[in-house]
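Just below is one structure, and these are the notes that go with it.
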Amino acid sequence: MRSAPITLDRFILEGQQSSPGATGELSLLLMRLGVAGKRIASALARAGFAEGLGSAGASNVQGEEQKKLDVLANEILLETFDYGGIVTLAASEEMAEPFVYRDLPGPGRYAVLFDPMDGSSNIDVNGTLGTIFSIRPWRDGPPADLLRSGREQVAAGYVLFGPAVLLVYTCGDGVHLFTLDPSIGEFLLTRENVRMPERGRAYAVNEGRAHTWAPGVRAFVEHLKTPDKAAGRPYATRYSASMVADVHRFLLEGGIYLYPADTTPGGRPDGKLRVLYECHPLAFVVEQAGGLASTGNARVLDVVPASLHERMPLAIGSRTEVELFETYASRP
Ligand code: AFP
(Lines give C-alpha, C1' and ligand atoms only; values in the text may rest on other atoms or scores of the structure.)
Protein backbone atom coordinates (compact mmCIF):
# COMPACT_ATOMS: atom_id res chain seq x y z
CA MET A 1 0.00 0.00 0.00
CA ARG A 2 1.36 3.46 -0.91
CA SER A 3 2.31 5.89 1.93
CA ALA A 4 0.69 9.28 1.15
CA PRO A 5 -3.13 9.29 0.92
CA ILE A 6 -4.09 8.69 -2.70
CA THR A 7 -7.01 10.77 -3.89
CA LEU A 8 -9.50 9.43 -6.42
CA ASP A 9 -8.28 11.92 -9.06
CA ARG A 10 -4.63 10.94 -8.60
CA PHE A 11 -5.42 7.20 -8.73
CA ILE A 12 -7.49 7.64 -11.91
CA LEU A 13 -4.88 9.80 -13.63
CA GLU A 14 -2.08 7.36 -12.77
CA GLY A 15 -4.27 4.56 -14.16
CA GLN A 16 -4.79 6.56 -17.33
CA GLN A 17 -1.05 7.09 -17.79
CA SER A 18 -0.57 3.34 -17.88
CA SER A 19 -3.31 2.92 -20.54
CA PRO A 20 -1.88 3.57 -24.00
CA GLY A 21 -4.29 5.54 -26.20
CA ALA A 22 -6.35 6.81 -23.27
CA THR A 23 -7.95 10.16 -24.12
CA GLY A 24 -8.68 11.13 -20.52
CA GLU A 25 -12.43 11.34 -21.14
CA LEU A 26 -13.27 8.20 -19.14
CA SER A 27 -11.04 9.53 -16.36
CA LEU A 28 -13.01 12.77 -16.31
CA LEU A 29 -16.29 10.86 -16.12
CA LEU A 30 -15.11 8.82 -13.14
CA MET A 31 -13.88 11.94 -11.37
CA ARG A 32 -17.24 13.61 -11.96
CA LEU A 33 -19.02 10.60 -10.51
CA GLY A 34 -16.98 11.26 -7.39
CA VAL A 35 -18.32 14.83 -7.32
CA ALA A 36 -21.89 13.61 -7.91
CA GLY A 37 -21.45 11.17 -5.02
CA LYS A 38 -20.39 13.99 -2.70
CA ARG A 39 -23.35 16.15 -3.78
CA ILE A 40 -25.82 13.30 -3.19
CA ALA A 41 -24.20 12.50 0.19
CA SER A 42 -24.61 16.13 1.20
CA ALA A 43 -28.29 16.14 0.14
CA LEU A 44 -28.89 12.92 2.10
CA ALA A 45 -27.22 14.29 5.22
CA ARG A 46 -29.36 17.46 5.14
CA ALA A 47 -32.64 15.86 3.97
CA GLY A 48 -34.06 15.58 7.46
CA PHE A 49 -34.06 19.31 8.12
CA ALA A 50 -34.40 20.46 4.51
CA GLU A 51 -37.72 18.72 3.82
CA GLY A 52 -35.86 16.35 1.59
CA LEU A 53 -37.43 13.19 2.97
CA GLY A 54 -40.66 11.53 1.85
CA SER A 55 -42.47 11.03 -1.40
CA ALA A 56 -42.09 13.16 -4.50
CA GLY A 57 -45.79 12.51 -5.14
CA ALA A 58 -45.09 10.77 -8.46
CA SER A 59 -44.29 7.27 -9.78
CA ASN A 60 -41.45 6.19 -12.02
CA VAL A 61 -41.67 4.20 -15.25
CA GLN A 62 -41.70 1.02 -13.12
CA GLY A 63 -44.86 2.23 -11.38
CA GLU A 64 -42.94 2.64 -8.12
CA GLU A 65 -43.42 5.61 -5.82
CA GLN A 66 -40.62 8.11 -6.35
CA LYS A 67 -38.98 9.61 -3.28
CA LYS A 68 -37.85 13.25 -3.35
CA LEU A 69 -34.27 12.01 -3.12
CA ASP A 70 -34.74 9.63 -6.06
CA VAL A 71 -35.64 12.68 -8.15
CA LEU A 72 -32.90 14.91 -6.68
CA ALA A 73 -30.18 12.27 -7.12
CA ASN A 74 -31.34 11.75 -10.72
CA GLU A 75 -31.09 15.48 -11.41
CA ILE A 76 -27.62 15.73 -9.85
CA LEU A 77 -26.40 12.87 -12.07
CA LEU A 78 -27.89 14.39 -15.24
CA GLU A 79 -26.18 17.71 -14.44
CA THR A 80 -22.92 15.86 -13.82
CA PHE A 81 -22.52 14.90 -17.48
CA ASP A 82 -24.08 18.01 -19.02
CA TYR A 83 -20.84 19.65 -20.21
CA GLY A 84 -17.63 18.88 -22.03
CA GLY A 85 -19.29 16.82 -24.74
CA ILE A 86 -18.12 13.44 -23.36
CA VAL A 87 -21.55 11.89 -22.78
CA THR A 88 -24.25 11.72 -25.46
CA LEU A 89 -26.84 9.78 -23.55
CA ALA A 90 -27.84 9.16 -19.93
CA ALA A 91 -30.31 6.42 -19.02
CA SER A 92 -31.78 6.06 -15.56
CA GLU A 93 -34.02 3.72 -13.63
CA GLU A 94 -36.06 6.83 -12.82
CA MET A 95 -36.62 7.96 -16.43
CA ALA A 96 -38.86 6.27 -19.02
CA GLU A 97 -36.55 7.29 -21.88
CA PRO A 98 -32.85 8.15 -21.94
CA PHE A 99 -31.83 11.80 -21.74
CA VAL A 100 -29.98 12.93 -24.87
CA TYR A 101 -27.45 15.72 -24.37
CA ARG A 102 -27.77 18.19 -27.23
CA ASP A 103 -25.57 21.10 -28.28
CA LEU A 104 -22.50 18.88 -28.08
CA PRO A 105 -19.41 19.94 -30.08
CA GLY A 106 -19.47 16.42 -31.55
CA PRO A 107 -20.89 12.99 -30.69
CA GLY A 108 -19.92 12.22 -27.09
CA ARG A 109 -18.04 8.94 -26.84
CA TYR A 110 -19.96 7.57 -23.85
CA ALA A 111 -23.37 6.67 -22.50
CA VAL A 112 -23.92 6.60 -18.73
CA LEU A 113 -26.59 4.48 -17.05
CA PHE A 114 -27.53 4.69 -13.37
CA ASP A 115 -29.83 3.76 -10.53
CA PRO A 116 -29.68 7.12 -8.76
CA MET A 117 -30.89 5.82 -5.37
CA ASP A 118 -30.79 2.09 -4.79
CA GLY A 119 -32.66 1.06 -1.65
CA SER A 120 -34.89 4.12 -1.62
CA SER A 121 -37.23 2.40 0.84
CA ASN A 122 -34.39 3.04 3.33
CA ILE A 123 -34.30 6.83 2.78
CA ASP A 124 -36.86 7.85 5.40
CA VAL A 125 -35.46 5.41 7.98
CA ASN A 126 -31.81 6.47 7.62
CA GLY A 127 -30.81 3.08 6.20
CA THR A 128 -27.93 2.40 3.84
CA LEU A 129 -28.38 3.49 0.23
CA GLY A 130 -26.37 3.59 -2.95
CA THR A 131 -25.99 5.08 -6.40
CA ILE A 132 -25.11 2.47 -9.04
CA PHE A 133 -23.47 3.52 -12.32
CA SER A 134 -22.40 1.93 -15.60
CA ILE A 135 -20.43 3.53 -18.45
CA ARG A 136 -20.62 2.21 -22.03
CA PRO A 137 -19.06 3.30 -25.31
CA TRP A 138 -21.51 5.27 -27.46
CA ARG A 139 -21.77 4.59 -31.19
CA ASP A 140 -23.96 7.55 -32.10
CA GLY A 141 -26.97 5.27 -32.75
CA PRO A 142 -30.52 5.22 -31.39
CA PRO A 143 -31.16 4.68 -27.66
CA ALA A 144 -31.80 1.02 -28.47
CA ASP A 145 -28.05 0.83 -28.97
CA LEU A 146 -27.87 0.56 -25.17
CA LEU A 147 -29.43 -2.91 -25.36
CA ARG A 148 -26.16 -4.84 -25.31
CA SER A 149 -24.45 -7.38 -23.05
CA GLY A 150 -22.87 -6.35 -19.78
CA ARG A 151 -19.47 -7.14 -21.27
CA GLU A 152 -19.68 -3.91 -23.25
CA GLN A 153 -19.33 -1.81 -20.09
CA VAL A 154 -16.03 0.08 -19.90
CA ALA A 155 -16.53 1.01 -16.24
CA ALA A 156 -19.05 0.40 -13.47
CA GLY A 157 -19.43 0.86 -9.74
CA TYR A 158 -21.36 2.44 -6.94
CA VAL A 159 -21.32 5.10 -4.27
CA LEU A 160 -22.43 3.65 -0.93
CA PHE A 161 -24.07 6.01 1.57
CA GLY A 162 -23.60 4.43 4.98
CA PRO A 163 -21.76 5.46 8.17
CA ALA A 164 -19.03 6.43 5.71
CA VAL A 165 -19.45 7.32 2.06
CA LEU A 166 -17.59 4.90 -0.19
CA LEU A 167 -16.95 4.82 -3.93
CA VAL A 168 -16.18 1.44 -5.47
CA TYR A 169 -15.45 1.01 -9.18
CA THR A 170 -13.81 -1.09 -11.86
CA CYS A 171 -12.60 -0.30 -15.36
CA GLY A 172 -11.95 -3.97 -16.06
CA ASP A 173 -8.62 -3.82 -14.25
CA GLY A 174 -9.54 -4.81 -10.71
CA VAL A 175 -11.89 -3.27 -8.17
CA HIS A 176 -10.85 -0.26 -6.09
CA LEU A 177 -12.46 1.20 -2.96
CA PHE A 178 -12.31 4.82 -1.85
CA THR A 179 -13.58 6.39 1.36
CA LEU A 180 -14.76 10.00 1.52
CA ASP A 181 -12.73 12.00 4.03
CA PRO A 182 -15.27 14.67 4.99
CA SER A 183 -12.53 16.81 6.59
CA ILE A 184 -11.03 17.47 3.16
CA GLY A 185 -13.95 16.51 0.93
CA GLU A 186 -11.87 13.99 -1.02
CA PHE A 187 -12.31 10.30 -1.78
CA LEU A 188 -9.13 8.54 -0.60
CA LEU A 189 -7.99 5.09 -1.72
CA THR A 190 -8.56 2.62 1.13
CA ARG A 191 -8.48 -0.71 -0.71
CA GLU A 192 -6.85 -1.45 -4.06
CA ASN A 193 -7.63 -4.60 -6.07
CA VAL A 194 -10.36 -5.84 -3.74
CA ARG A 195 -10.79 -9.63 -3.91
CA MET A 196 -14.10 -11.20 -2.93
CA PRO A 197 -13.67 -14.22 -0.62
CA GLU A 198 -14.17 -17.53 -2.47
CA ARG A 199 -16.98 -18.45 -0.04
CA GLY A 200 -19.04 -16.72 2.62
CA ARG A 201 -21.04 -17.24 5.80
CA ALA A 202 -24.10 -15.11 5.04
CA TYR A 203 -26.88 -14.64 2.51
CA ALA A 204 -29.33 -11.87 1.62
CA VAL A 205 -32.81 -12.51 0.20
CA ASN A 206 -36.30 -11.24 1.05
CA GLU A 207 -37.63 -14.45 2.67
CA GLY A 208 -41.04 -12.86 2.95
CA ARG A 209 -41.34 -13.76 -0.72
CA ALA A 210 -40.27 -17.43 -0.34
CA HIS A 211 -43.77 -18.60 -1.39
CA THR A 212 -43.16 -17.07 -4.83
CA TRP A 213 -39.85 -18.88 -5.45
CA ALA A 214 -39.21 -21.95 -7.61
CA PRO A 215 -38.70 -25.18 -5.59
CA GLY A 216 -34.94 -25.23 -6.41
CA VAL A 217 -34.50 -21.70 -5.00
CA ARG A 218 -36.39 -22.59 -1.83
CA ALA A 219 -34.29 -25.76 -1.45
CA PHE A 220 -31.07 -23.73 -1.84
CA VAL A 221 -32.03 -21.25 0.89
CA GLU A 222 -33.14 -24.13 3.15
CA HIS A 223 -29.73 -25.73 2.53
CA LEU A 224 -27.93 -22.56 3.67
CA LYS A 225 -30.04 -22.58 6.84
CA THR A 226 -29.49 -26.28 7.63
CA PRO A 227 -26.95 -26.66 10.47
CA ASP A 228 -23.71 -28.45 9.48
CA LYS A 229 -20.79 -27.26 11.58
CA ALA A 230 -18.15 -28.76 9.28
CA ALA A 231 -19.63 -26.97 6.26
CA GLY A 232 -19.99 -23.68 8.12
CA ARG A 233 -23.77 -23.79 8.14
CA PRO A 234 -26.22 -22.36 9.04
CA TYR A 235 -25.44 -19.11 7.18
CA ALA A 236 -26.52 -15.82 8.75
CA THR A 237 -29.25 -13.72 7.11
CA ARG A 238 -28.10 -10.23 6.14
CA TYR A 239 -30.83 -8.42 4.07
CA SER A 240 -30.94 -4.61 4.16
CA ALA A 241 -33.45 -3.79 1.37
CA SER A 242 -30.56 -2.16 -0.50
CA MET A 243 -28.87 -4.53 -2.94
CA VAL A 244 -25.80 -2.32 -3.26
CA ALA A 245 -25.31 -2.42 0.54
CA ASP A 246 -25.73 -6.21 0.67
CA VAL A 247 -23.46 -6.86 -2.33
CA HIS A 248 -20.84 -4.55 -0.81
CA ARG A 249 -20.91 -6.61 2.41
CA PHE A 250 -20.33 -9.78 0.41
CA LEU A 251 -17.60 -8.15 -1.69
CA LEU A 252 -15.64 -7.77 1.56
CA GLU A 253 -16.82 -10.76 3.63
CA GLY A 254 -18.13 -13.28 1.09
CA GLY A 255 -21.71 -14.50 0.74
CA ILE A 256 -24.60 -14.44 -1.73
CA TYR A 257 -27.40 -11.99 -2.58
CA LEU A 258 -30.52 -13.34 -4.28
CA TYR A 259 -33.54 -11.73 -5.92
CA PRO A 260 -35.32 -14.69 -7.51
CA ALA A 261 -38.09 -14.82 -10.08
CA ASP A 262 -41.66 -14.70 -8.79
CA THR A 263 -43.25 -17.90 -10.12
CA THR A 264 -46.77 -17.17 -8.84
CA PRO A 265 -49.59 -16.34 -11.33
CA GLY A 266 -49.43 -12.63 -12.12
CA GLY A 267 -46.05 -12.42 -10.34
CA ARG A 268 -42.80 -11.06 -11.81
CA PRO A 269 -41.27 -13.97 -13.76
CA ASP A 270 -38.12 -11.86 -14.20
CA GLY A 271 -37.88 -10.76 -10.58
CA LYS A 272 -37.50 -7.08 -9.65
CA LEU A 273 -33.98 -5.93 -10.49
CA ARG A 274 -33.18 -3.93 -13.62
CA VAL A 275 -30.64 -5.43 -16.01
CA LEU A 276 -28.95 -2.21 -17.23
CA TYR A 277 -29.00 -0.09 -14.04
CA GLU A 278 -28.46 -2.68 -11.29
CA CYS A 279 -27.47 -6.17 -12.48
CA HIS A 280 -24.90 -5.46 -15.23
CA PRO A 281 -22.88 -2.88 -13.25
CA LEU A 282 -22.76 -4.91 -10.02
CA ALA A 283 -21.95 -8.08 -12.00
CA PHE A 284 -18.97 -6.28 -13.61
CA VAL A 285 -17.67 -5.21 -10.18
CA VAL A 286 -18.22 -8.60 -8.51
CA GLU A 287 -16.71 -10.65 -11.35
CA GLN A 288 -13.71 -8.33 -11.48
CA ALA A 289 -13.23 -9.12 -7.76
CA GLY A 290 -13.37 -12.88 -8.37
CA GLY A 291 -17.05 -13.45 -7.58
CA LEU A 292 -19.89 -14.54 -9.87
CA ALA A 293 -23.25 -13.14 -11.05
CA SER A 294 -25.87 -15.52 -12.43
CA THR A 295 -29.51 -15.64 -13.51
CA GLY A 296 -29.52 -19.24 -12.27
CA ASN A 297 -28.64 -20.64 -15.68
CA ALA A 298 -26.65 -17.89 -17.43
CA ARG A 299 -23.99 -15.31 -16.58
CA VAL A 300 -25.50 -11.89 -15.95
CA LEU A 301 -22.82 -10.20 -18.08
CA ASP A 302 -23.90 -12.25 -21.14
CA VAL A 303 -27.53 -11.14 -20.88
CA VAL A 304 -28.66 -8.81 -23.69
CA PRO A 305 -31.85 -7.01 -22.57
CA ALA A 306 -34.70 -6.49 -25.06
CA SER A 307 -35.86 -3.25 -23.41
CA LEU A 308 -34.40 -0.40 -21.36
CA HIS A 309 -36.18 -1.31 -18.12
CA GLU A 310 -35.99 -5.09 -18.46
CA ARG A 311 -35.67 -7.02 -15.19
CA MET A 312 -33.89 -10.27 -14.43
CA PRO A 313 -33.60 -12.78 -11.57
CA LEU A 314 -30.23 -12.43 -9.83
CA ALA A 315 -27.81 -14.50 -7.76
CA ILE A 316 -24.57 -12.59 -7.08
CA GLY A 317 -21.69 -13.09 -4.71
CA SER A 318 -18.93 -15.55 -3.83
CA ARG A 319 -18.03 -18.19 -6.42
CA THR A 320 -18.77 -21.17 -4.12
CA GLU A 321 -22.31 -20.07 -3.25
CA VAL A 322 -23.32 -18.89 -6.73
CA GLU A 323 -22.08 -22.12 -8.35
CA LEU A 324 -23.99 -24.11 -5.73
CA PHE A 325 -27.09 -21.98 -6.35
CA GLU A 326 -26.90 -22.79 -10.08
CA THR A 327 -26.98 -26.52 -9.31
CA TYR A 328 -30.14 -26.03 -7.22
CA ALA A 329 -31.74 -23.62 -9.71
CA SER A 330 -31.29 -26.08 -12.58
CA ARG A 331 -33.19 -28.82 -10.74
CA PRO A 332 -36.55 -29.65 -12.40
P1 AFP B 1 -35.82 0.43 -4.20
O2 AFP B 1 -34.65 1.25 -4.59
O3 AFP B 1 -37.02 0.70 -5.04
O4 AFP B 1 -36.08 0.49 -2.71
O5 AFP B 1 -35.48 -1.10 -4.51
C6 AFP B 1 -34.32 -1.62 -3.95
C7 AFP B 1 -34.02 -2.95 -4.65
O8 AFP B 1 -33.93 -2.77 -6.01
C9 AFP B 1 -32.77 -3.60 -4.08
O10 AFP B 1 -31.80 -2.71 -3.74
C11 AFP B 1 -33.30 -4.34 -2.87
O12 AFP B 1 -32.49 -5.43 -2.50
C13 AFP B 1 -34.66 -4.79 -3.32
O14 AFP B 1 -35.06 -3.89 -4.37
C15 AFP B 1 -35.68 -4.71 -2.23
O16 AFP B 1 -36.87 -5.24 -2.74
P17 AFP B 1 -37.95 -5.93 -1.77
O18 AFP B 1 -38.54 -4.82 -0.96
O19 AFP B 1 -38.91 -6.57 -2.71
O20 AFP B 1 -37.21 -6.92 -0.95
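Order of appearance sets the numbers: ligands from 1, and atoms from 1 within every ligand. Since this is a predicted model, take the numbers as computed values, not measurements.
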What protein heavy atom sits nearest [atom], and how far away is it?
{"atom": "atom 2 (O) of ligand 1", "value": "Gly119 N, 2.8 Å"}
{"atom": "atom 11 (C) of ligand 1", "value": "Ala241 O, 3.5 Å"}
{"atom": "atom 16 (O) of ligand 1", "value": "Lys272 NZ, 3.0 Å"}
{"atom": "atom 3 (O) of ligand 1", "value": "Ser120 OG, 3.6 Å"}
{"atom": "atom 8 (O) of ligand 1", "value": "Glu278 OE2, 3.0 Å"}
{"atom": "atom 19 (O) of ligand 1", "value": "Tyr259 OH, 2.6 Å"}

Ionic contact status for [Y] with [X], cut-off 4.0 Å:
{"X": "Arg299", "Y": "Glu287", "value": "yes"}
{"X": "Asp228", "Y": "Arg233", "value": "yes"}
{"X": "Arg136", "Y": "Asp145", "value": "no"}

### Message
Quick check for you: to the nearest 0.5 Å, what is the distance between Glu97 atom CD and Leu89 atom CG?
### Response
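Reported to 0.5 Å precision, the distance equals 10.0 Å.
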### SG on Cys279 to OH on Tyr259, rounded to 0.5 Å
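One gets 11.5 Å once the value is rounded to the nearest 0.5 Å.
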### Query
For ligand 1, does Asp115 get within less than 4.0 Å through its side chain, its backbone, both, or neither, judged by non-hydrogen atoms?
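Neither; no heavy atom under 4.0 Å.
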Which of the numbered atoms in ligand 1 are under 4.0 angstrom from any heavy atom belonging to [X]?
{"X": "Met243", "value": "9 (C), 10 (O), 11 (C), 12 (O)"}
{"X": "Leu273", "value": "8 (O)"}
{"X": "Asp118", "value": "2 (O), 6 (C), 7 (C), 8 (O), 9 (C), 10 (O)"}
{"X": "Met117", "value": "2 (O)"}
{"X": "Asn206", "value": "17 (P), 19 (O), 20 (O)"}
{"X": "Arg209", "value": "19 (O)"}

### Message
Between Thr295 and Val300 (side chain of the first, backbone of the second, donor and acceptor by atom type, cut-off under 3.5 Å), is there such a pair?
### Response
no
Return yes or no for this condition: an N or O of [X] is under 3.5 Å from an N or O of ligand 1.
{"X": "Val244", "answer": "no"}
{"X": "Glu64", "answer": "no"}
{"X": "Ser121", "answer": "yes"}

Parallel, tilted or perpendicular, as decided by the 30° and 60° cut-offs, for the rings of [Y] and [X]:
{"X": "Tyr257", "Y": "Tyr239", "result": "parallel"}
{"X": "Phe220", "Y": "Phe325", "result": "perpendicular"}
{"X": "Phe11", "Y": "Tyr169", "result": "perpendicular"}

### Query
Taking C-beta and beyond as the side chain, do Tyr158 and Asp115 meet within less than 4.5 Å on heavy atoms?
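Result no, sub-4.5 Å side-chain heavy-atom pair not found.
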#### Entry: From the candidates Tyr277, Tyr257, Tyr239, the one that places a heavy atom nearest atom 17 (P) of ligand 1
Tyr239
### Task
List the atom of Leu160, the atom of Ala245, and the distance in Å for their closest heavy-atom pair.
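Taking every non-hydrogen atom into account, CD1-CA, 3.7 Å.
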